[in-house]
Amino acid sequence: MTVTRPPPYEWRVYPKSFPRNQWYVAGHAQDFGRTLLSRWILGDPICFYRRVDGTPVALTDRCVHRQMPLTLGKLTGDSVECGYHGIVYGPDGQATKVPSQNPVPPNCRVHRYPVRDRGGLLWIWLGDPDKADESMIPVHPWLDSPDWAIVRGTLHMNARAQLLNENLLDLTHVSFLHADSIGTNEVAETPATTEVRGDTVFVTRPMPSVLCPPLFEKVMGLSGMIDRESVAEYTAPGFHISHVLAKPAGAASDDPRACRHKAVHCVTPETETSAHYFWLIARDYHVDDEAVSQIWQEGTPGVLMQDVDAVEAIERVIAPYEPDYPFEINLRADNGALRARRIIERMIAAEQAG
Amino acid sequence: MTVTRPPPYEWRVYPKSFPRNQWYVAGHAQDFGRTLLSRWILGDPICFYRRVDGTPVALTDRCVHRQMPLTLGKLTGDSVECGYHGIVYGPDGQATKVPSQNPVPPNCRVHRYPVRDRGGLLWIWLGDPDKADESMIPVHPWLDSPDWAIVRGTLHMNARAQLLNENLLDLTHVSFLHADSIGTNEVAETPATTEVRGDTVFVTRPMPSVLCPPLFEKVMGLSGMIDRESVAEYTAPGFHISHVLAKPAGAASDDPRACRHKAVHCVTPETETSAHYFWLIARDYHVDDEAVSQIWQEGTPGVLMQDVDAVEAIERVIAPYEPDYPFEINLRADNGALRARRIIERMIAAEQAG
Amino acid sequence: MTVTRPPPYEWRVYPKSFPRNQWYVAGHAQDFGRTLLSRWILGDPICFYRRVDGTPVALTDRCVHRQMPLTLGKLTGDSVECGYHGIVYGPDGQATKVPSQNPVPPNCRVHRYPVRDRGGLLWIWLGDPDKADESMIPVHPWLDSPDWAIVRGTLHMNARAQLLNENLLDLTHVSFLHADSIGTNEVAETPATTEVRGDTVFVTRPMPSVLCPPLFEKVMGLSGMIDRESVAEYTAPGFHISHVLAKPAGAASDDPRACRHKAVHCVTPETETSAHYFWLIARDYHVDDEAVSQIWQEGTPGVLMQDVDAVEAIERVIAPYEPDYPFEINLRADNGALRARRIIERMIAAEQAG
């Protein structure tokens with residue numbers, strides 16, 4: 001998967017290819033440390049580690065001499081020694097030592113990807129490093145505020161990333177795919193409002209006076225009729241927040257019983273037909289209650305795996321159609337997903353235009 | 001696999017592609033009931049079930065909205081509810097409910113395949129429904145006659161269907177591949193007569209006064225020298241009957257000791273390089289003898305697996321040649337198989353001509 | 001993989017395709033006997049066995065009638081009977097019996113590959129049999145001399161053969177990949193001399209007065225400072241000898257304490273991205289010492305598997321680039337490998353020119 005290769009089929013219908021001049025989530029900040037970690041992103045093998053001072057580093061995970069994965073080598077100080085012929089690369093990707101040759105050839109270097117720690121996540125820029133603009137990384141204070149409690153985890157899926165992006169933008173699926181946990185009929189039956197600001201899509205679904213779902217009873221302590229609001233916020237190309245607000249029916253927004261949580265879903269293409277799925281749940285209620293944290297920590301993967309199972313099943317039925325895509329129809333509920341597709345289209349077109 | 005895609009290589013030599021405007025066996029009638037069953041046929045994922053009144057239904061196993069396999073949803077009455085966003089499809093393939101949208105868009109429908117119960121098998125038409133002609137389904141009264149006892153089963157093979165079609169049309173293999181069960185030298189050494197009537201090929205091999213094979217001793221109660229006759233009847237594209245007659249040498253055809261059985265082999269392409277293999281053995285002797293039924297029920301899969309093993313081994317040695325096919329020579333014993341290839345060629349050509 | 005198919009990418013950079021009018025090692029002579037053995041070489045399935053008198057035979061492992069692998073049949077005397085329809089092939093590849101047909105059609109034959117026993121190895125010629133020239137097989141008297149002790153084994157690798165050929169021609173990897181066994185820093189730091197004679201490349205690396213590596217202490221009984229010399233000899237397309245000489249530092253070459261061994265590596269492409277790896281260690285010291293033989297027999301696979309693991313890791317990171325190859329740079333230590341590539345290029349070009 002590269003910017004220059006033409007997309008393998010009509011990606012305007014269903015993009016598998018992704019823009020590269022964008023920030024993607026490479027993982028939770030805590031995943032990266034003083035051990036070499038290999039992770040493929042947008043078809044690139046990448047070697048991740050942290051320098052002694054904690055600064056994150058991302059290099060192409062392929063020695064430029066004979067293509068050995070650097071992650072099979074050794075981390076020494078801030079540098080990586082290739083396990084094949086001992087070439088040492090500094091954190092800027094430039095070789096500093098070639099055991100069999102002196103001086104080091106200047107073109108003995110690997111690509112260094114811009115990476116940034118932001119809000120407990122590590123962000124990576126897959127495209128032209130000169131265009132990497134930190135201010136494009138979405139900022140959300142609650143991602144690392146002491147007033148919010150956070151649980152997090154990582155899943156993997158054998159399906160193109162866009163299937164999950166669109167899953168998250170049409171929450172009418174909650175009533176059916178998650179009928180046994182967070183789903184209630186109201187979700188599918190409540191019309192949603194879609195709004196686009198820049199590269200961000202908002203799908204808002206207010207559900208006043210609905211029955212409190214069992215999960216909310218357990219974690220929030222609410223019961224009976226509640227006012228529930230769900231806002232899906234998608235920042236292209238792969239960062240989703242489900243903003244959830246629940247309070248006793250008729251109570252004011254600043255009622256002390258009002259509970260807010262944010263379900264963050266980071267969908268990062270691994271290859272054209274597989275993706276990393278980094279998630280976290282941040283909440284502003286019962287922040288110090290370990291039992292509530294445990295419910296979210298242990299219960300969330302099961303719910304999200306229902307989505308992963310669905311998109312993997314879909315990937316299996318559409319894969320034989322490559323390079324075509326089976327005919328499909330759109331519903332009004334797909335408005336958010338369709339707007340999201342157009343943003344990705346625009347991003348790719350802008351890159352191809354140069 | 002579609003009619004319109006040009007075949008990937010010279011299929012006249014060895015057809016992998018198959019005609020679609022034909023009836024194929026989708027399975028034993030008893031396989032289908034009030035549970036959603038997914039089965040791929042000719043490259044199409046298909047969702048099978050029976051209506052409350054028992055009528056069989058076959059729909060594309062892919063929701064037209066977001067491609068979710070319908071078999072992961074729920075059967076409710078005569079309808080299927082998609083497990084993703086809750087769209088309900090009636091047995092004609094038309095959506096009757098879209099939870100997030102009212103009225104239902106008229107193009108919210110999936111393909112309904114014509115299906116028919118005939119002789120204990122379920123038949124499916126993969127092509128243009130308007131051309132589905134029930135009278136083309138082969139009729140054989142003994143398939144559901146109380147005077148015949150039947151055992152049946154299902155195998156799967158990772159090899160192109162045509163390899164098994166041709167296996168069944170050149171029974172000289174019986175002497176070698178099945179040397180330890182039904183094979184005797186006489187089969188290979190007896191010249192066969194080939195006759196074509198319409199889309200059906202008959203290969204007749206009379207073996208007067210041959211030694212009774214061990215299996216026939218056990219199930220028929222014959223021994224010593226017998227008159228044995230085997231007629232392979234192939235109805236294109238994938239329905240085979242091995243008509244077997246055995247009687248004491250010199251006895252008349254209507255001698256009460258004469259035993260007849262029919263080994264039915266239904267070869268249905270799953271993908272271009274895999275197939276379903278539905279089989280049954282119908283016999284007119286010892287019809288109520290459970291011990292004889294048990295011998296056929298338990299012994300047949302082992303014999304047929306020798307054929308499956310052979311065609312899978314062949315698939316593995318020819319697969320690297322794609323899109324070509326390795327050179328091969330034909331023998332006189334291949335006459336039936338070659339006539340069968342020509343029928344399939346003619347069927348495909350007729351479809352492509354429109 | 002055939003000579004006539006154009007190579008799938010710029011093989012001058014990194015040949016996956018190989019010349020066919022060459023001798024390749026098919027295995028250790030002892031691998032072949034009175035049992036049918038299937039082995040794929042350069043993309044061809046081959047059926048190996050020995051005649052009653054021990055002469056080796058190699059036939060295409062695919063019956064010319066219906067492509068059944070002959071190795072699933074039976075060896076009877078000097079002939080093979082196909083397990084499908086009983087065709088019997090003599091050791092020259094010509095069918096001598098077709099059970100269903102008399103006389104045997106003259107074109108009922110499979111390809112017979114020229115094979116030769118030489119030095120405990122079986123050599124096979126994959127190209128035009130008329131061009132098979134025995135004198136092209138490399139001759140090394142110590143391969144079957146009673147004055148040398150030999151241990152041997154076989155590995156398999158899921159990587160293109162050329163990756164291992166080049167591994168063996170740049171022994172600077174020994175210091176890093178085999179740091180825990182035979183590697184010492186001197187190997188990488190000692191400049192090597194490359195010389196080409198005909199289709200053979202020699203890379204010589206003298207290491208006077210270096211510390212005896214632990215393995216050499218155990219098998220040779222040397223210790224302290226030694227003079228070590230390593231000569232990598234590569235005979236295209238896939239036969240490598242690492243000539244190793246070790247003696248006490250300053251001793252003469254004919255000093256009785258001098259120890260010589262030859263590590264022979266035979267790299268035979270199986271498919272375009274997998275290979276057989278036949279190895280042997282021949283030594284002229286402690287020839288009758290079973291304990292030393294055991295050290296080599298049991299210890300060698302572990303060292304060689306480090307190379308196999310490396311080239312398989314490389315194959316995985318370059319495979320997604322097909323049909324391209326990722327950019328790589330060459331070092332002075334790659335001189336031998338680059339000369340080897342040019343020999344293979346020349347061989348392929350000569351074949352294509354006719």
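Since this is a predicted model, take the numbers as computed values, not measurements. Naming: A, B, ... by sequence-line order, numbering from 1 per chain.
- Between B:F176 and C:P99 the shortest heavy-atom distance is CZ-CG, 3.4 Å.
- Atom-to-atom distance recorded for C:H85:NE2 and B:L171:CG is 8.5 Å, nearest 0.5 angstrom.
- Heavy atoms closer than 4.5 Å to chain B are found in the side chain of C:P105, but not in its backbone.
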Hey, mind stepping through B:N330 and C:H65 against side-chain hydrogen bond (donor to acceptor under 3.5 Å, both in side chains) and telling me if it holds? CA-CA 6 Å; B:N330 296 313; C:H65 170 230; 5.9 Å; no
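- Neither the backbone nor the side chain of B:S175 comes within contact range of chain C; no heavy atoms are under 4.5 Å apart.
- Pairing each heavy atom of B:I314 with each of C:Q67, the nearest pair is CG1-O, 3.6 Å.
- The closest side-chain heavy-atom distance from B:L331 to C:I87 is below 4.5 Å.
- Top candidate by heavy-atom pairs under 4.5 Å with chain B, chosen from C:S100, C:C63, C:G73, is C:S100.
- Contact annotation for B:D170: both backbone and side-chain heavy atoms come within less than 4.5 Å of a heavy atom of chain C.
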Side-chain donor-acceptor contacts of residues 202-209 of chain B below 3.5 Å, not counting sequence neighbours, with atom names and distances?
{"unit_1": "B:R205", "atom_1": "NE", "unit_2": "B:V187", "atom_2": "O", "d": "3.1"}
{"unit_1": "B:R205", "atom_1": "NE", "unit_2": "B:T190", "atom_2": "O", "d": "2.9"}

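- The main-chain N or O of B:A333 is never found under 3.5 Å from a side-chain atom of C:Q101 such that the two would form a donor-acceptor pair.
- Closest of all the heavy-atom pairs between C:P69 and B:V317 is CG-CG1, 3.9 Å.
- Closest approach of B:L163 and C:Y84 over heavy atoms only: O-OH, 4.2 Å.
- Inter-residue side-chain proximity for B:Y321 and C:R62 is flagged as met; some heavy-atom pair is nearer than 4.5 Å.
- Counting heavy atoms from C-beta on, the side chains of B:E328 and C:R66 come closer than 4.5 Å.
- The contact between B:N167 and chain C is made by backbone and side chain atoms together, counting heavy-atom distances below 4.5 Å.
- Atom NE2 of B:H173 and atom SG of C:C82 lie 12.0 Å apart (nearest 0.5 Å).
- When all heavy atoms of B:I329 and C:N107 are compared, the pair lying nearest together is CG2-ND2, 3.5 Å.
- Side-chain atoms of B:R332 and C:N102 include no donor-acceptor pair closer than 3.5 Å.
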